[in-house]
Engineer: 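Okay, handing you the structure first.
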Amino acid sequence: MNDFGGSDFILGALADERGWTGELLFARGELYRARGNPRDLQMASIWYRDAKAAGYAAPELDRGLGLALLRNGRTEDAREALAAYLAARPDASDARMIQALLAN
């Protein structure tokens, strides 16, 4: 619904009940990456890494992490994460776009 504050509130409320699970951390990373402010991208990278540490293993985590890192100028780290995403999802609908990002 394009309501950053409301979405962040809901994630926080769920975390208050269940704790910050890998799924909730991933969702928060996605939310902040989508908003895209420089500080948001830094926080998104942290939450993606925390999600991975909490056991969240969906390949889309590496996609989100790679895109956030790329937008923050962390090219080598971004390439590593995006390559991991493509290795796990070579037939992803966005594979060609990710390959183009890696080629640059």
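Every heavy atom of this structure was used, including side-chain atoms; hydrogens, water molecules and symmetry mates were not.
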Engineer: Just distance, no hydrogens or angles: give the donor-acceptor pairs under 3.5 Å from side chains in residues 50-57, sequence neighbours left out.
Structural biologist:
unit_1, atom_1, unit_2, atom_2, d
Lys52, NZ, Asp62, OD1, 2.7

Engineer: Please list all pairs meeting salt bridge (charged side-chain N to carboxylate O under 4.0 Å, His left out) that have one or both residues in residues 90-102, counting only residues at least two apart or in different chains.
Structural biologist: Arg63-Asp94
Engineer: Scan for salt bridge (charged side-chain N to carboxylate O under 4.0 Å, His left out) pairs involving residues 18-28, sequence neighbours excluded, and state none if there are none.
Structural biologist: Asp8-Arg28
Engineer: Quick one: list whatever passes ring pair (Phe, Tyr, Trp, His ring centres under 6.0 Å) with Phe4, sequence neighbours left out.
Structural biologist: Tyr32
Engineer: Once side-chain contact (heavy atoms from CB on, under 4.5 Å) is applied, do any residues pair with Ala15, and if so which ones, sequence neighbours excluded?
Structural biologist: Trp20, Leu24
Engineer: Using 0.5 Å steps for rounding, measure from the CG atom of Leu65 to the CD1 atom of Ile46.
Structural biologist: 11.0 Å
Engineer: What residues form a salt bridge (charged side-chain N to carboxylate O under 4.0 Å, His left out) with Asp40, not counting sequence neighbours?
Structural biologist: Arg35
Engineer: Once side-chain contact (heavy atoms from CB on, under 4.5 Å) is applied, do any residues pair with Ala78, and if so which ones, sequence neighbours excluded?
Structural biologist: Leu69, Leu70
Engineer: I need the Leu67 CG to Leu82 CG distance, nearest 0.5 Å.
Structural biologist: 5.5 Å
Engineer: Of all heavy-atom pairs between Pro90 and Ala87, which one has the smallest distance, and what is that distance?
Structural biologist: CD-O, 3.7 Å
Engineer: Hey, could you give me each pair passing ring pair (Phe, Tyr, Trp, His ring centres under 6.0 Å) that has a residue in residues 73-104? Not counting sequence neighbours.
Structural biologist: none
Engineer: Between atom CZ of Phe26 and atom OH of Tyr48, what is the distance when rounded to the nearest 0.5 Å?
Structural biologist: 5.5 Å
Engineer: In chain order, what residues pass the salt bridge (charged side-chain N to carboxylate O under 4.0 Å, His left out) check against Arg71, with sequence neighbours excluded?
Structural biologist: none
Engineer: Answer yes or no: are there more than 12 heavy-atom neighbours, outside Glu60 itself, under 6.0 Å from its atom CD?
Structural biologist: yes
Engineer: Quick one: list whatever passes side-chain hydrogen bond (donor to acceptor under 3.5 Å, both in side chains) with Gln42, sequence neighbours left out.
Structural biologist: Arg39
Engineer: Counting only pairs under 3.5 Å, give me each side-chain donor-acceptor contact of residues 97-104, with atom names and distances, residues two or more places apart or in other chains.
Structural biologist:
unit_1, atom_1, unit_2, atom_2, d
Asn104, ND2, Ala100, O, 3.3

Engineer: Please report the closest heavy-atom contact between Arg33 and Ala44, naming both atoms and the distance.
Structural biologist: N-CB, 3.8 Å
Engineer: Out of curiosity, does Trp47 fall in the hydrophobic cluster containing Leu31 (side-chain heavy atoms, cut-off under 4.5 Å, transitive links)?
Structural biologist: yes
